[in-house]
Participant: 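I am attaching a structure below and will ask some questions about it afterwards.
Note that the coordinates shown come from a computational prediction; the quantities given were computed from them, not determined experimentally. Chain letters run A, B, ... following the sequence lines, proteins first, then strands; residues in each count from 1.
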Amino acid sequence: MPKKDIGLGIVSIGFGAWVYYIATTLKKKAAFWPKIVAVGIIALGVIILIQGIIALVKANKAAAAAGKTAEVKTAVKQETVKYLKVAAVVGLLVVFYFLFQYVSYILATVLLVTGTSVILGYRNWKVLIPTAIVVAVLLYVAFSQVFHVHFPGAFY
Amino acid sequence: MLHNIAEGFAALFTLENILFLVLGTLVGLIIGALPGLTGNMAIALMVPITYTMSATTGLTFLTAIYCSSIFGGSISAILLGIPGTISSFATTLDGYPMAKQGKAGMALGISTISSVFGGLFSAIILMFLTTVLAEFALKFGPAEYFAVAILGLSCIASIGGKSITKGLLSGFIGLFFAIIGQDPQNGIKRFTFGSIDLLSGVTLVAALIGIFGIISVLKNAEKKTKENGPIPDVDHVWIGWKMCRKLLPTWLRGSIIGTIVGIIPGAGTNVATFLAYDTENKINRTKPKFGEGNPKGIAAPEAANNGVTGGSMVPLLALGVPGNATSALFLGALLLKGLTTGPVLFSEHADVAYSLFLAFFFANVIMAPLGLFILRYMKKILSVPEALLGGIILAFCVTGVFSISSSPFDVLTCIFFGILGYAFYKFDIPTAPLIVCLVLGSMAESNLRQALVANKNSYSFLYTHPVALIVLIISAVSFFVPIISKAVKSARKMRHPDEVKASDLAEETTEEMDDD
């Protein structure tokens with residue numbers, strides 16, 4: 001937790017500095033508000049960083065007093081699996097983004113629904129495949145026919 | 001006013017609107033009942049669908065979803081012991097024990113009637129208070145509106161969750177996203193990086209769908225899938241007149257607490273429910289004890305959480321300031337229709353404003369029979385696996401976002417905000433301040449600059465306009481009180497570590513369940 005906060009503080013300071021730098025390239029009146037926002041982000045980043053460092057020092061002292069060592073290998077492995085699943089869902093969304101524009105909305109949606117459900121742990125294929133197809137076709141028909149949305153893909 | 005109410009009735013009571021009122025109630029009930037899916041997510045997903053509807057139909061649909069999803073959360077709270085939405089957390093404390101005692105039907109019946117009572121009470125207050133406030137706000141100029149925007153922004157201290165610093169950081173990041181696009185006065189491009197898609201700024205609805213829709217699936221991806229426990233049978237849901245008379249004072253107290261808390265920007269539904277629960281707990285000496293299946297332990301929070309629904313719309317409709325994430329979603333829907341909130345809504349689109357008030361009223365009326373009817377089928381609905389729903393939600397999110405303006409860039413924006421929301425979740429940063437500031441950022445900046453131009457670049461308007469000054473003082477109080485109160489609480493906790501108060505519980509649940 002303290003390490004996370006230290007990271008967050010550093011990222012916030014960097015982000016705030018970047019916003020401030022871009023704001024300096026703008027005309028004076030248009031730059032006024034972005035500069036306030038940038039200064040706010042930097043200031044909060046500094047506070048979070050200091051809070052994180054203080055918390056880390058306290059945690060280290062407490063751990064040293066209790067004589068504990070960091071046995072976190074299993075936890076790290078579990079965390080990695082969690083993030084891989086999240087990354088896989090994001091990856092599917094990116095695939096959908098390109099597939100629905102250039103190939104087919106229905107195909108992209110079937111892939112998105114099936115892939116996400118499998119990643120989330122659903123394995124009943126007899127239910128999953130028909131559900132994905134029905135959802136994709138229903139959404140296509142509803143949005144293209146009822147709401148008159150034109151999908152850009154080469155196929156349906 | 002009577003003329004406006006009649007206009008609202010005429011606008012609301014068409015076959016199409018009634019159908020969407022019923023459909024919205026059903027959608028809200030089902031989504032609210034499913035653990036992991038929130039009312040805000042349901043509203044965010046449905047906003048694009050309302051794009052092709054008339055303003056009255058779209059807002060009626062969203063209102064029905066809002067009101068019934070808050071009630072729907074109590075269904076899983078009672079049957080599974082898992083609150084469907086954060087606002088039903090307090091209901092679990094007595095609802096689940098009642099269900100375990102074989103009184104699931106009765107518990108659900110109490111929750112239904114209590115929610116309806118609270119919702120109706122707040123709908124009436126919404127109508128009368130909003131019109132009075134909006135009439136007063138007609139006299140506002142840029143200085144007053146700047147102060148009102150600051151009042152809205154000041155609530156980020158109270159919706160910031162565990163860490164006020166992180167809440168503020170979230171708010172400032174929201175302000176940054178509000179800057180993207182053209183400068184409100186001179187049209188100078190800011191942070192667009194040559195992209196035409198960014199000229200008009202971040203698409204609010206795309207951002208909201210990303211934050212509420214995509215994030216819920218990403219959160220589920222990292223959870224271990226688990227089966228729900230056995231769901232008790234639901235029968236005898238009607239509670240009888242004798243019980244209604246017994247619960248009437250509890251409903252009244254809960255509704256008043258809920259409505260008042262709802263009006264305060266940033267206070268949140270969970271604060272209202274725990275406050276109502278705690279108040280009843282202190283007043284009542286009857287058995288069974290609170291926490292062991294006392295009907296009043298369900299009636300108080302349920303009346304309070306539906307009381308919040310109408311109350312939370314008062315600042316948005318009267319002043320144009322969304323006090324919470326739900327009202328920000330409603331603002332997004334109104335903007336999609338080309339409507340602005342605040343006094344202008346009442347002077348230019350009185351029929352829409354009054355039909356919205358009436359929609360709040362009738363959504364609650366319709367919730368009673370529909371709620372009691374659908375309770376019998378809840379066992380089947382609750383057995384739908386969360387994993388299967390995840391893919392469908394994502395498909396709905398991206399398709400809905402694309403449909404708003406047929407822009408693939410909006411889909412990318414939605415995905416980006418989903419990832420950003422997930423990163424916020426991992427770093428314990430609340431997303432509600434980001435949303436409120438994203439909405440209010442441009443309002444604050446443009447009114448500040450207009451006020452400066454009108455006052456020859458002098459900041460004297462901050463103290464020469466009495467209304468602006470009063471609102472700024474209230475903003476300061478609203479900003480600093482939660483900070484001081486948190487400091488006092490942590491000092492008290494250090495002195496008495498075992499003492500737990502309702503407000504502490506409310507805070508803890510907010511932290512556990514994130515933004516609802």
Participant: Contact between B/V411 and A/F100 at the side-chain level, heavy atoms closer than 4.5 Å - yes or no?
Facilitator: yes
Participant: Considering all heavy atoms of both residues, which atom of A/L44 and which atom of B/L168 are nearest to each other, and what is their separation?
Facilitator: CD1-C, 3.5 Å
Participant: Locate the shortest heavy-atom distance separating A/W33 from B/I179; write the atom from each residue and the value.
Facilitator: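 For A/W33 and B/I179, the tightest heavy-atom pair comes out as CD1-CG1, 3.8 Å.
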Participant: Counting only non-hydrogen atoms closer than 4.5 Å, does B/I392 touch chain A with its backbone (N, CA, C, O), its side chain (CB onward), both, or neither?
Facilitator: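 B/I392 touches chain A through backbone and side-chain heavy atoms alike.
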Participant: A side-chain contact here means heavy atoms from C-beta on lying under 4.5 Å apart; do A/V89 and B/I214 qualify?
Facilitator: no
Participant: Under the side chain to side chain contact (heavy atoms under 4.5 Å, CB included) rule, what do B/T52 and A/H148 come out as? Steps first, then yes or no, please.
Facilitator: CA-CA 9 Å; B/T52 51; A/H148 307 292; 5.9 Å; no
Participant: Could you report the tightest heavy-atom contact between B/S406 and A/V149, atom names first, then the distance?
Facilitator: OG-CG1, 4.2 Å
Participant: Below 4.5 Å from any heavy atom of chain A, which atoms of B/F396 appear? Answer side chain, backbone, both or neither.
Facilitator: both
Participant: Any non-hydrogen side-chain atom of A/L8 less than 4.5 Å from a side-chain atom of B/I429?
Facilitator: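 Yes, their side chains come closer than 4.5 Å.
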Participant: Checking A/V118 against chain B: side chain, backbone, both or neither under 4.5 Å from a heavy atom?
Facilitator: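 Nothing of A/V118, per the 4.5 Å heavy-atom cut-off to chain B.
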Participant: Quick one: CG on A/L49 to OG1 on B/T165, what's the gap to the nearest 0.5 Å?
Facilitator: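 Rounded to the nearest 0.5 Å, the CG-OG1 separation comes to 12.0 Å.
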Participant: Can you confirm whether A/P34 sits close enough to B/F191 that some side-chain heavy atom of one is under 4.5 Å from a side-chain heavy atom of the other?
Facilitator: yes
Participant: Tell me, out of B/V217, B/I173, B/L412, B/I393, who's got the most heavy-atom pairs with chain A below 4.5 Å.
Facilitator: B/L412
Participant: Which heavy atom of A/Y97 sits nearest to which heavy atom of B/P408, and what is that distance?
Facilitator: CE1-O, 3.1 Å
Participant: Please state whether the side chain, the backbone, both or neither of A/V135 comes within less than 4.5 Å of a heavy atom of chain B.
Facilitator: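 The side chain, not the backbone.
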Participant: Is A/F15 atom CZ crowded by more than 12 heavy atoms from other residues, nucleotides or ligands, each under 6.0 Å away?
Facilitator: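 Yes, CZ of A/F15 has more than 12 neighbouring heavy atoms, counting only those of other groups under 6.0 Å.
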Participant: At their closest point, which heavy atom of B/I188 faces which heavy atom of A/A30, and how far apart are they?
Facilitator: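 The answer is CD1-CB, 3.8 Å.
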Participant: Can you tell me which of A/T109, A/I47, A/I48 forms the most heavy-atom pairs within a distance under 4.5 Å of chain B?
Facilitator: A/I48
Participant: Are the side chain of A/K4 and the backbone of B/K426 linked by a donor-acceptor contact shorter than 3.5 Å?
Facilitator: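 Yes.
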Participant: Of the non-hydrogen atoms in B/A221 and A/L120, which two are nearest, and what is the gap between them?
Facilitator: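 So the two residues come closest at CA-CD2, 3.2 Å.
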Participant: For B/I49, which atoms come within 4.5 Å of any heavy atom of chain A: side chain, backbone, both, or neither?
Facilitator: both
Participant: Which bit of B/L388 is near chain A, if near means a heavy-atom gap under 4.5 Å: side chain, backbone, both or neither?
Facilitator: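 For B/L388, heavy atoms of backbone and side chain both lie under 4.5 Å from chain A.
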Participant: Look at the aromatic rings of B/Y459 and A/F32 and report parallel, tilted or perpendicular, splitting at 30° and 60°.
Facilitator: tilted
Participant: Measure B/L394 against the heavy atoms of chain A and call it side chain, backbone, both or neither at under 4.5 Å.
Facilitator: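 Looking at B/L394, backbone and side chain both touch chain A.
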Participant: Using a 6.0 Å cut-off, check whether atom NZ of A/K35 has over 12 heavy atoms from anything other than its own residue.
Facilitator: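 Yes, enclosed.
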Participant: Would you mind telling me which of B/L218, B/L175, B/L169 has the largest number of heavy-atom pairs within less than 4.5 Å of chain A?
Facilitator: B/L169
Participant: Against chain B, label A/L93 side chain, backbone, both or neither, depending on which of its atoms sit under 4.5 Å from a heavy atom there.
Facilitator: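 Answer is both: backbone and side chain atoms of A/L93 are under 4.5 Å from chain B.
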Participant: Mind checking whether A/Y105 and B/F402 have ring centres under 6.0 Å apart?
Facilitator: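 Distance test on ring centres: not under 6.0 Å, no.
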Participant: Among A/V90, A/T25, A/I119, which residue has the highest count of heavy-atom pairs closer than 4.5 Å to chain B?
Facilitator: A/V90
Participant: Take the angle between the ring planes of A/W18 and B/F193 and call it parallel below 30°, perpendicular above 60°, tilted in between.
Facilitator: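 The rings of A/W18 and B/F193 lie parallel, inter-plane angle below 30°.
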